Amino acid sequence: MKTPAIILLTLALAVPATWFATRHFPATTAAMSSGGERKILYYQSAMHPWVKSDKPGRCTICGMELTPVYEGQKGVETTGDTLMLTQSMVQVLHVQTAEAKKRPLAKTLTFAGLVDDDARRHRIISAYVDGRVEKLFINHHGAEVVEGKPLAEIYSPTLLQAEREYRSLSGELRSNVALRLRQMGLSPEQIAVLPKKSPDALTTEILSPVSGTVVNDEIFAGQYMAAGQKLFEIADFSTMWFVFRAYEQDIPWLKTEQAVEVTTPSAPGRIFKGTIAFIDPNFDAVTRSTQVRVELPNPLVDGRRVLLHRLYGDASVHLDAPEVLTVPRSAVIQTGPEAVVYVEHEGGAYARQAVKLGRRGDEFVEILGGLSEGDKVVTNGNLLIDGQAEMNRSFSPPPKAAPALNDTQYKAVESFTKAADAIAAALAKDDLAAFNKAIPEAMPATESLAAALAARTDLADAMKKLSDARHFHVAADLASARKMFHPFSSAAVALLEPFRKGDKPVAIEVFECSMVHKVVPGAPKKGRWLQLAGTTIQNPYMGVEMFDCGTKIEP
Amino acid sequence: MIERIIEWSLRNRFLVACGVLMLVALGIRAVSTTPVDAIPDLTENQVLVYADWMGRSPQEVEDQVTYPLTTGLQGLSGVKDVRATSMFGFSLITIIFKDGVDPYFARARVLERLNYLQGSMPEGVKPQLGPDATGLGWVYQYYLDVDPSKEGYDLARLRSLQDWNIRYALTSVDGVAEVASIGGFVKQYQIELSSTKMRAAGVSMMDVMTAVQNANLNVGGKVVEENGAEFVLRGIGLVESTEDLELVTVKAREGTPIYLKDIATVQIGGDFRRGALDVNGHEVVGGTVVMRNGENAKAVIERIKERIAQLAPSLPPGVSIKPFYDRSELIDRTIGTLKHALAEEIILVTLAHIIFLWHFRSILIVTLPLPVSILISFLLMKQFGITSNIMSLTGIAIAIGVLVDAAIVVTENVIRHCERETEEKKRPLTAEETWHTALAACRQVGRPIFFAMAIIILAFVPVFALSGQEGKLFHPLAFTKTFAMLGSTLLAVTIVPVLCAWLVRGPFHPEENNWVMKVLLRIYTPTLDWALRHRAIVMSTALCILASALLVAFGLPRGTVKKLRDAGWERTATLTAGFGKEFMPPLNEGSLLYMPVLLPKTGLKEIQRVMSWQDSVLAQTPEVASVAGKLGRFESATDPAPTEMLETTIMLKPEYIPDGRFTVKRNPAWRDGMTVEKLKAELTEKMKLVPGYVPAFLQPIENRILMLYTGIRAQVGVKIYGDSLDAIQRKAYQVEALIKGIEGAAGVSPSRVQGKPYLNVKVDRRAMARYGLSARDVLDAVEIAIGGKNVSVTIEGRERFPIQVRIERSERDNIEELGRILIATRPGMAPAASATGGGMGGGMNGGAAKPATSGTNASEPQSAYIPLGMVAKITREIGANEIASENGKLRAYVQTNVQDRDLGGFVAEVEQKLKTIPWEGMTYRMTGEYENQRRFVKTMTLVFPIVLLIIFVLLYIVYHSALEAAHVMLAVPFALSGGVFLQYLLGYNFNGAVWVGYIALFGTAVQTGVVMVVYLDETVKARMAARGAAFNYADLVQAVKDGARLRLRPKVMTVATIVASLLPIMWSHRQGAEVMKPLATPVIGGMISSLVHILIVTPVIFLWLRSRELKKHAQAATPLLP
């Protein structure tokens, strides 16, 4: 009896213990291994990425558990404009880049137009005399006519009378009649053979004056015609005009002699090449368009012409602009008023760059500002990179407004900004003398500012930088003046930026120049300076050369 | 009363037995008919109204659809709130009714209102009542799987199959509210117009639309008679193929018809779509079955599966329906877990009895009523409309230990009496004698049982007082537990005495012969002796334990913790920080839902690219069974997901699989040491390879509940109402800045509505006037030419497909070129153009021409064409992605949590600050969790004292002594300390389940305390009676010792039973156990600590109290006594 009891007792003790061990110990090891070495920066909500927390928990909006974001992961940069991608991320995203390059900007414009005949070679044959059409050689339109071949035989009493006279007369009189016959439409050749014409013949032939195609015939055999009546309309289809309308925005692209390729549904697969022969200077005010003409040769092939009269066709005009700085179109993201590209930097960094777009080509788009040649821009995967950047940027907490200044501090800041503004203004005008005159005021202003802000420990670092940079000496040339100015200006902006917000903002404007490195060797690309509030931009780095170049930084 | 019931039952044994059998039969029926689902329905009482307005921006939808609807739907009887969201192309309005309003009454009222609101809707918008279901009703999701060897099924064909065949077949299944499709392409006849050709033919967009509409109809012409026979006359002209459409004559010119094919390409393509489905990296067509509210999920899924099996032969060869989400697996598994746990519990409880009583027939008395009381609980559940789900069944599971308690007390008492009787009579009792003894014994314990049960049930009242989601979650649990308790109390006074009379027979084994008891007594006796001698030590130790438990549970004040942490006492700080808080332990659903949201500007194709990559990566994980990615929304009002939201349902292979025997084993597919949490972390890391979103893994049901919750989740929220989107957004940022400045604010976040890129085509009225164009003419180009318009619908047997008119892709797929789209000016309004222009190159045509051959005809008024860019300005802007409104006002909000500060003071400060800023015509309202907390505190400050008071009164009735009653109540906090320590060891946070566990423990602890004090009292009285006036301190100690020793068996037995009944939950690996564990934890820990407390501390306190009384008494009577 004791043995089963002991077994039972052992079980009763062992079972909870085992359960406890299995339940508890794996969990702790798991926690340890998943904790890892990486530092968690913050926790972020999946559905509402702007919800961030420094502690694990749930999203305040949707209640989902927050996802940890680790250091050095997924472009968690403080600026929000630069992202770091690991190699595997680049592969997953299929990130592809292309260089911003100077290249001709090819663009194809397409137009729809109509194939017409050559107006210069369009002929109407009308009746010169009253009479009756006895026989028609060309009795349908579309018929090909050859120059000098008869079109019709007519019976005209007037003409017949004249012919008879011609035959019966001679000398001076005869030549007078010949002139009359010419007036009645006979060609000199016809007149020359008149003497041989049978006196019984009642009819006279109308000969075609040109080779071409009948586009209109309004006469039938047996019909009476009055002088002046239109008989045939003949057009020459050996060269066709392709005419299309170009709208205002297309006109700057178009020039005469530009090559044009015309396609038409009636000749699938065939491309007719021509050049722009004429751009109508008579702009049509109603349709805001003008007509453009392209001449296309249209030889007879196997007895027919390929380009038919009044065919519709599509023209594509290939335009080549001179070489400009371009990036592939897929690199540009323009979901709002601003266009951005992502520039690849060393070590998997991708920086957001706002660009100014120029003309758009078929594959490339002109960049007017924001990029320089050789920059590598992302052409594939950039939308997702942009998404991450947007998340980092707009959802990163705004910088904390510094506690407000008291009145003495505010006064010190005011006198300092005046001094700083004077220096910047002097440099902007390339005025070395004014610069040298302005610097003696800057030093005491800086010192009194330092004294006024001495109590502010939160500003100590920034103030120290400014104090270090305040030692100006008389500059020999502008370059050295700017070299002195740069650290001073940067420190001043860094110190005063936080005070542009709040109840009593410091009255300054802040501007940024992106080409500082060109005038101050060794300096970063971008540099900021301050001016008094309400003043317009005056670039102290570039001087008169690019006086108003730079961007305004809003508080 | 109770005695009478007992007596009646014992007299009418046959009737009682019949009654019980009846209950069993009814209970079994109830078990099989109670609706089964995984978790309780947590949704608010709501009616959905949705209105589609294809292709319109959220702003248009808000202004023209949502606003008139929300204002019109207010003021219905019983409406709590009207919340609305305007999204791209549709408006979704949620009308929240007060709890208790009949849903069908509510729907009828809404429908009534909708009828007359229809009049204020723009043309073509029909607001509709959503299905009587919610996102929680997505119980079965499937896709159409195509055998790779079969070809010829494109996504359009599969979609047609889904839309016109499978969908209707499944919708007709009982209990299904709706079947919504997703993925593939809706087949569509597309007429892609070439503007060049249209101009050539002189055809306008309107001509084409009218021609198509007129070309697609069947008519009837009544009947025709011939020789007395009747013929039904039918005119047939419905479009059946692209060829039919190609031959539609748009215009006849000089005898030459212009067919549609002359100016357009007619093709079959896919309709505009806002959703796609991807399974394991391949695009598929699928659907979701939406179950009606309150249906039996398991039964519905079973019926669905049956229907699918019936459908299978009728599907085209190679096509089959496969699920990618099936909730019945979860239901089966969780219910299985509970069944398993119940079975194990019953076995363990029985085992405990065997050990302690060693009387096999009496075990039957205890075990038989157990299933019966469970059945009674089911019977009442069905009666009260409570579904059988993890929470309600957990209620039964945690009740088991207590259920047998009443029966044990009765049985034990009967056995004790019989034992004594047998000893006195020195012979086995006759049946008659047993009956009498049983009656006497039962009558004796009847009242205490009743009170004990009443206390346990009463202690659970605060759970009923929970409101909101917690209430919805825990009410079923509280109900079932109470039902089961009621059942067991009823049985304890009816069938248990009867069973006792039948089954209690000798021989009896005295306690001293039981070896377990021998061991326990050997330990207990000296311990108790020692404790009674060192009262101070015992008491102070108990107080220390209590204090440290309180410290661990609630922690030091936050400021002190912070100081400790700053001082470098990291471990101490962690230890004294108190338990964390969470809403609910998540149920392991065996599946994951991966739901990242990309930025709104991301287009469908890019999202699909990401989705396909994700799905194939996720599918490669060994633990993953299937992956189905959903982008955008199901075509259902229950799914308001925008396209940028990916919902990937990941079915995991079960972590534990049955090993063919009674237990489970770990699935070999799961890597060693892998847990769901680790898996989530691993997958999150993988998913982070794509930037642009934050990956997060949830579970499907968990997510649906989160999505359905429309309130504010943060502790404090400020809702801002106004009429201008910009203004309220600006105000939200202002409020954000304001709140950030307040001490204690954490995670302040305003709502954001902007973020969707818009391409605005704004008409230039001056320019339009020059051409006599109306805004309609110009914007038709936007709507029809660029966007495409469905002008008619083909009817092909059962299937219907839209016919769409649009211009060719090449003319509209480049944003820069959109300005070049040509618009026809009104004929005659541009005289110069119509006279000379005619068309392209018309002016070159020279003189008069024969009408029959002319290409352009001067007599026919011709339109001039101008590019869109000349009469409209096209700009890119960022606009609203989705617009939310509440009760007719646009809504924005700012949410914040509070850290290291008291909530009340924070709220007051926020309120005060909000008053200082100008509101410019906007209004605001403070809301958030703090409201719930306030309400909760308010309710609890009312309910808790009342409950305590009632329990106290009950105890007083039992003891007739306030001191004794207080003494028993005092046991409770000590009992709770064990729960705290176990909770700390297992690492659970405070959540709803843990709280409910403590509440359950509270009742049980009081009840166990009651019994101990009752017996101590009894022995002391007996000894006093025996010793009379000579009763002294030594007698008192002896009496306490005897009493305590006597109560060792029932005490240990009760606690062992309760612990044993919960252990199966704790060691279960099965699904669903994780929800029950936190519930069981405080009870187990608390029961053990309460055992120690009651066995050791209670006698000490008792002795101390009595000795003081004795001294007082002695001093008063005979001051000479020591």
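Here is how names work: the chains are called A, B, and so on, in the same order as the sequence lines, proteins then strands, and each is numbered from 1. Quick caveat, the model's predicted, so the values are computed rather than measured.
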Checking B:L598 against chain A: side chain, backbone, both or neither under 4.5 Å from a heavy atom?
-> side chain
Kindly state whether the ring of A:Y350 and the ring of A:Y342 have centres lying under 6.0 angstrom apart.
-> no
Chain B contact via A:D118 - which portion, at a heavy-atom distance below 4.5 Å | neither
By a 4.5 Å heavy-atom criterion (distance strictly below it), what part of B:M674 contacts chain A: side chain, backbone, both, or neither?
-> neither
Which one, A:D250, A:I385, A:V115, A:V90, leads in non-hydrogen pairs under 4.5 Å with chain B?
-> A:D250
Do A:T110 and A:D314 have side-chain N/O donor and acceptor atoms under 3.5 Å apart?
-> no
Backbone of A:T290 reached by a side-chain donor or acceptor of A:D284 within 3.5 Å = no
Could you tell me whether B:E1074 and B:K1077 make a salt bridge, using a distance below 4.0 angstrom between a side-chain N and a carboxylate O?
-> no
Against chain A, label B:V1059 side chain, backbone, both or neither, depending on which of its atoms sit under 4.5 Å from a heavy atom there.
-> neither
Side chain, backbone, both or neither: which part of B:T602 has a heavy atom under 4.5 Å from chain A?
-> both
Engaged part of A:L311 at the chain B interface, taking heavy atoms whose separation is under 4.5 Å = neither
Under 4.5 Å from a heavy atom of chain B, the part of A:E338 involved | neither
Any luck finding a side-chain donor-acceptor pair between B:E677 and B:T675 under 3.5 Å?
-> no
Max heavy-atom pairs within cutoff under 4.5 Å with chain A, candidates B:L759, B:V610, B:V597, B:V617, goes to B:V597
Identify the heavy atoms of A:A235 and A:H122 that sit nearest to each other, and give their distance.
-> CB-ND1, 3.6 Å
Indicate whether any N or O donor in one side chain lies under 3.5 Å from an N or O acceptor in the other, for B:N814 and B:R820.
-> no
Note: vs chain A, highest number of non-hydrogen pairs under 4.5 angstrom among B:P596, B:P867, B:A1060, B:A1056 is B:P867
